[in-house]
Chemist: 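First the structure, which I've put down as structure tokens, then a few questions once you've had a look.
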Amino acid sequence: MRLKRRNNRILSEKRVLMKDMLEGLTESQLEAVMHRDGPMLVIAGAGSGKTRVVTCRIAYLISNGVWPSQILAMTFTNKAAREMRERVEAMTGEQARQVGTFHSCCARFLRRDIELLGDGRTRDFTIYDTSEQQATLKKALEADNLKLPPGLTPRGMQALISQAKGQRRAVLDLACANNYQNPELIAKCAESYEARLRQCNAVDFDDLLLLMADVLERFPEQREIYHNRFRYVLIDEYQDTNHLQYELMRLLVGPGDNIHVTGDPDQSIYSWRGADYSNIMSFTKDYPNARVVTLERNYRSTQTILDVANELIEHNLNRYEKSLYTENIGGYPVYDVTVGTDRQEAEWICRSILSLNEEGNNLRDMAVFYRTNSQSRALEEAFVTNQIPYQLIGGLRFYDRKEVKDLLALLRILVNPSDLVSLERVAGLFGKGVGSTTLTKVMLAARANGISSVELLAHEDFASLYGRATPGLRRFAELIRNLRSIPLFPVLEAVEMVLEVSGLKDLYANEVDDEERVANIEEFVGNVNRFGAEHPDGDLAQFLEEVSLVADIDSHDEESDFVTLMTLHSSKGLEFPYVYIAGVEEGLLPHSNALGDPEAVEEERRIFYVGITRAKRGLVLLHSQTRFLWNRCDYRRPSSFLAELPEDIVTRLFYGVRGRKK
DNA sequence: AAGACGGAGGTTTTT
DNA sequence: CCTCCGTCTT
């Protein structure tokens with residue numbers, strides 16, 4: 001009784017918030033928010049309040065009696081998912097747990113369902129990243145006595161496999177279609193890789209989606225469970241879904257067709273990853289009764305910035321026609337700065353940032369974007385020299401650092417004893433005298449006994465099961481046995497025990513000049529601690545899964561007062577009052593690999609468009625006459641895109657330019 | 001059979 | 001500039 005009264009009070013507070021929330025929305029936004037059943041497509045221009053619409057719709061559904069657990073929302077990054085969850089919780093007081101990336105949602109589903117497939121994988125599977133995929137491929141080919149056809153590198157093969165999975169197509173089929181020589185051999189190599197993955201109880205990124213689609217397709221009763229569980233499905237950034245994600249969506253959406261997708265064809269920038277924006281273009285063909293809402297009013301940028309963006313994107317021939325407008329009239333001019341060298345480019349940006357900072361702007365309000373990660377170097381140097389605090393997004397991820405990967409490998413063999421890639425890594429670190437030949441022997445002996453390599457090494461009868469082992473191998477087996485005796489819960493204790501038993505920290509502490517490594521290990525432990533606090537009953541497997549699926553952008557910190565440095569790709573979905581785009585040069589933006597291919601150039605234009613539309617108040621485009629690329633100084637030409645911008649709005653500036661005409 | 005050393009080659013964007 | 005591969009030595 002008392003409880004009920006309390007609930008009523010909470011409910012009425014919710015309604016008040018809900019009313020406030022709906023108040024500022026435009027008519028078309030309201031239409032998107034208050035849509036209840038059936039398919040809906042929201043074409044949301046940059047800065048049109050898309051995130052707000054999606055979160056409001058979730059909150060609206062919840063306040064109309066839909067349980068939060070019945071709403072499945074899939075986003076592009078973990079950061080976007082986190083924001084969405086936080087906003088929904090702030091509005092409704094309810095936790096929207098089923099909000100995540102495609103990959104993290106599928107990983108979670110597969111923890112329950114992967115064993116249905118009966119391919120030998122268990123719920124303790126490991127997720128391999130691209131470099132681990134390549135390692136798996138190399139080992140698989142070696143073990144099966146196969147060689148890739150000449151001209152195809154492991155890296156290229158991994159990309160081909162990924163592409164095939166993303167299109168849900170056989171590798172043989174794709175290799176034939178792409179005119180590879182010897183497609184049969186390629187298919188054989190791919191099968192060898194798949195078998196090895198299964199043997200390792202591992203999946204690659206694409207498998208998370210692919211295997212989940214298999215589960216839903218092969219087990220109709222399972223599909224029904226999901227349909228009953230998820231009454232409403234929402235997908236964000238729909239323009240960046242690939243065919244596999246599309247099929248997964250079709251399988252997940254139940255008979256009520258309660259599918260709500262949002263996206264912007266002009267911001268489709270991941271075609272190289274298999275994204276197919278015909279998915280968004282043909283949504284109304286898939287669902288002829290779909291309601292379509294287009295959001296064209298921009299709440300983010302000044303008219304000046306929008307004029308530049310609109311005029312640029314008009315040059316794309318193949319596009320869904322729409323035009324952004326705003327009521328934020330005027331604004332600062334957009335600058336097009338010519339500099340002499342890439343160092344001057346960085347210097348100009350730093351000076352500009354410092355003067356904005358002196359005028360009272362926060363550093364967190366400024367961001368520098370570039371096309372390629374390698375451009376960050378010159379910028380970073382200038383930021384260090386000028387003592388401007390910055391945060392770099394991208395490049396080498398935290399979890400990709402050597403020492404962090406070493407620790408991860410140790411943790412992974414605790415959870416998944418079949419993980420040969422991690423075992424190999426651990427052997428390379430600690431197994432003095434244990435090389436790949438020995439490990440192969442161990443693997444064969446393990447197979448003969450019907451257990452995994454790690455289980456054999458950790459076995460109390462290792463000596464009798466394996467036969468004569470070298471002292472080095474015996475010591476290594478003992479280390480594995482000690483590691484395997486560590487309890488997996490709580491996670492923090494497990495990690496600290498692993499550090500102690502393995503002596504990993506000492507290993508780096510003894511190497512000179514490696515304070516950073518030790519610091520990274522400490523940061524890792526800090527992350528584990530935070531995970532433990534956020535997920536009190538989370539186990540090591542869950543922690544490892546989370547770590548495998550984080551992107552660098554997920555760590556973007558908007559609170560601290562840092563300037564943000566990142567690629568144009570990473571900038572999608574964000575906004576900053578002041579934006580600098582560096583290296584607006586032919587060959588860089590558009591990138592040289594795209595030149596000559598009209599479709600690729602259109603995608604480059606969209607990449608530029610995404611960068612421009614991040615800016616709220618100030619926008620500066622820079623290009624240099626010379627640039628150090630691959631350790632060589634090259635003469636550069638301004639991007640052809642600059643000529644497409646409205647001349648009367650863009651103000652040209654020069655810095656450090658020699659022999660300037662006019 | 002492992003490990004160290006030297007040379008060559010390759011760098012768009014990332015869940 | 002940094003990683004991967006192959007060869008040579010122990």
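Throughout, a chain's letter reflects where its sequence line sits, starting with A, and its residues are numbered from 1.
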Chemist: Are A:Gln542 and A:Arg111 close enough, and set up right, to give a side chain to side chain donor-acceptor pair (under 3.5 Å), and what steps lead you there?
Modeler: CA-CA 9 Å; A:Gln542 252 172 293; A:Arg111 292 282 166 213; over 6 Å; no
Chemist: Would you classify A:Phe102 as touching base, sugar-phosphate or nothing, given that sugar-phosphate means primed atoms plus P, OP1 and OP2, and contacts are heavy atoms under 4.0 Å?
Modeler: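 A:Phe102: no heavy atom of the nucleic acid under 4.0 Å.
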Chemist: B:dT13 C1' sits how many Å from A:Ile581 CD1, rounded?
Modeler: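 So the two atoms are 15 Å apart, to the nearest Å.
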Chemist: Is the phosphate of B:dT11, meaning OP1 or OP2, less than 4.0 Å from a side-chain N or O of A:Arg155?
Modeler: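 Yes, A:Arg155 has a side-chain N/O under 4.0 Å of OP1/OP2 on B:dT11.
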Chemist: Taking the side chain of A:Thr438 as heavy atoms from C-beta outward, which of B:dT14, B:dT12, B:dA1 is closest to it?
Modeler: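 Selected nucleotide: B:dA1.
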Chemist: When the distance from CD1 of A:Ile269 to P of B:dT15 is rounded to whole Å, what number comes out?
Modeler: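 It works out to 11 Å between those atoms.
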Chemist: Does A:Ser570 make a side-chain N or O approach to OP1 or OP2 of B:dT14 shorter than 4.0 Å?
Modeler: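 Yes, A:Ser570 has a side-chain N/O under 4.0 Å of OP1/OP2 on B:dT14.
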Chemist: Out of the candidates A:Glu545, A:Glu424, A:Glu132, only one should pair with A:Arg412 under the salt bridge (charged side-chain N to carboxylate O under 4.0 Å, His left out) rule; please name it.
Modeler: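 Passing option: A:Glu132.
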Chemist: Nearest-Å distance, CG (A:Leu589) to P (B:dT12)?
Modeler: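 So the CG-P distance, A:Leu589 to B:dT12, works out to 15 Å.
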Chemist: How about CD on A:Glu217, more than 12 heavy atoms from neighbouring residues, nucleotides or ligands closer than 6.0 Å, or not?
Modeler: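 Enclosed.
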Chemist: Any side-chain N or O of A:Asn373 less than 4.0 Å from the OP1 or OP2 oxygen of B:dT11?
Modeler: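 Checking A:Asn373 against B:dT11: no side-chain N or O falls below 4.0 Å of OP1 or OP2.
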Chemist: Could you give the NZ-to-P distance, from A:Lys79 to B:dT15, as a whole number of Å?
Modeler: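 Taking NZ of A:Lys79 and P of B:dT15, I get 13 Å after rounding.
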Chemist: What's the closest nucleotide to the side chain of A:Trp272 if the choices are B:dT12, B:dT15, B:dT14?
Modeler: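 The answer is B:dT14.
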Chemist: Classify every nucleotide of nucleotides 2-10 of chain C by which part a protein heavy atom approaches to under 4.0 Å, writing B for the base, S for the sugar-phosphate alone and - for neither, in 5'-to-3' order.
Modeler: S--S-----
Chemist: Under 4.0 Å between a side-chain N or O of A:Thr130 and OP1 or OP2 of B:dT14?
Modeler: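 So the side chain of A:Thr130 is outside the cut-off, no N or O lying under 4.0 Å from OP1 or OP2 of B:dT14.
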Chemist: Within the structure, does a side-chain N or O atom of A:Asn242 lie under 4.0 Å from either OP1 or OP2 of B:dT15?
Modeler: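 So the side-chain polar atoms of A:Asn242 never come under 4.0 Å of the phosphate oxygens OP1 or OP2 of B:dT15.
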Chemist: CD of A:Glu585 versus P of B:dT12: gap in Å, rounded?
Modeler: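 Rounded to the whole Å, the gap is 17 Å.
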Chemist: Take atom CZ of A:Phe628 and atom P of C:dC1, then tell me their distance rounded to the nearest Å.
Modeler: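 Rounded to the whole Å, the gap is 10 Å.
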Chemist: Describe the nucleic acid contact of A:Asp206 in one word from base, sugar-phosphate, nothing, applying a heavy-atom distance below 4.0 Å.
Modeler: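 If one applies the 4.0 Å heavy-atom cut-off, A:Asp206 turns out to touch nothing in the nucleic acid.
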Chemist: Within the structure, does a side-chain N or O atom of A:Ser374 lie under 4.0 Å from either OP1 or OP2 of B:dT12?
Modeler: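 Checking A:Ser374 against B:dT12: no side-chain N or O falls below 4.0 Å of OP1 or OP2.
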Chemist: Is it true that A:Lys50 and A:Glu237 have a side-chain N and a carboxylate O under 4.0 angstrom from each other?
Modeler: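 Judged by the 4.0 Å cut-off on N to carboxylate O distance, A:Lys50 and A:Glu237 do form a salt bridge.
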Chemist: Taking for each residue the nucleotide of DNA chain B with the nearest heavy atom, is it A:Val434 or A:Thr77 whose nucleotide lies nearer the 5' end?
Modeler: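 Its nearest nucleotide being more 5', the pick is A:Val434.
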Chemist: Applying side-chain contact (heavy atoms from CB on, under 4.5 Å) between A:His103 and each of A:Leu209, A:Asn78, A:Ile127, report the one that passes.
Modeler: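 Of A:Leu209, A:Asn78, A:Ile127, side-chain contact (heavy atoms from CB on, under 4.5 Å) with A:His103 is met by A:Leu209 alone.
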Chemist: Should the pair A:Lys165-A:Asp204 be classified as a salt bridge under the 4.0 Å nitrogen-to-oxygen rule?
Modeler: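 Yes, charged N to carboxylate O under 4.0 Å.
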Chemist: Tell me whether A:His103 and B:dT15 count as stacked here, given that the ring centres must be under 5.5 Å apart and the planes must differ by less than 30 degrees.
Modeler: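 Base of B:dT15: not stacked against A:His103.
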Chemist: Less than 6.0 Å separating the ring centroids of A:Tyr399 and A:Phe543?
Modeler: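 No, they do not, as the ring centres are separated by 6.0 Å or more.
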Chemist: Could you tell me the separation between the CD atom of A:Gln134 and the P atom of B:dT11, rounded to a whole number of Å?
Modeler: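 Rounding to the nearest Å, CD of A:Gln134 and P of B:dT11 are 10 Å apart.
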Chemist: Without decimals, in angstroms, what is the distance between A:Leu473 CG and B:dA2 C1'?
Modeler: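 It is 14 Å, rounded to the nearest whole Å.
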Chemist: Tell me whether A:Glu247 contacts the main-chain N or O of A:Leu244 through its side chain, where contact means a donor paired with an acceptor under 3.5 Å.
Modeler: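 Pair absent, no side-chain N/O of A:Glu247 close to backbone of A:Leu244.
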Chemist: Between A:Thr437 and A:Thr101, which has a closest nucleotide on DNA chain B that is more 5'?
Modeler: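 Closest to the 5' end, via its nearest nucleotide, is A:Thr437.
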Chemist: Contact class for A:Thr470 vs. all strands (heavy atom < 4.0 Å): base, sugar-phosphate, or nothing?
Modeler: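 No contact.
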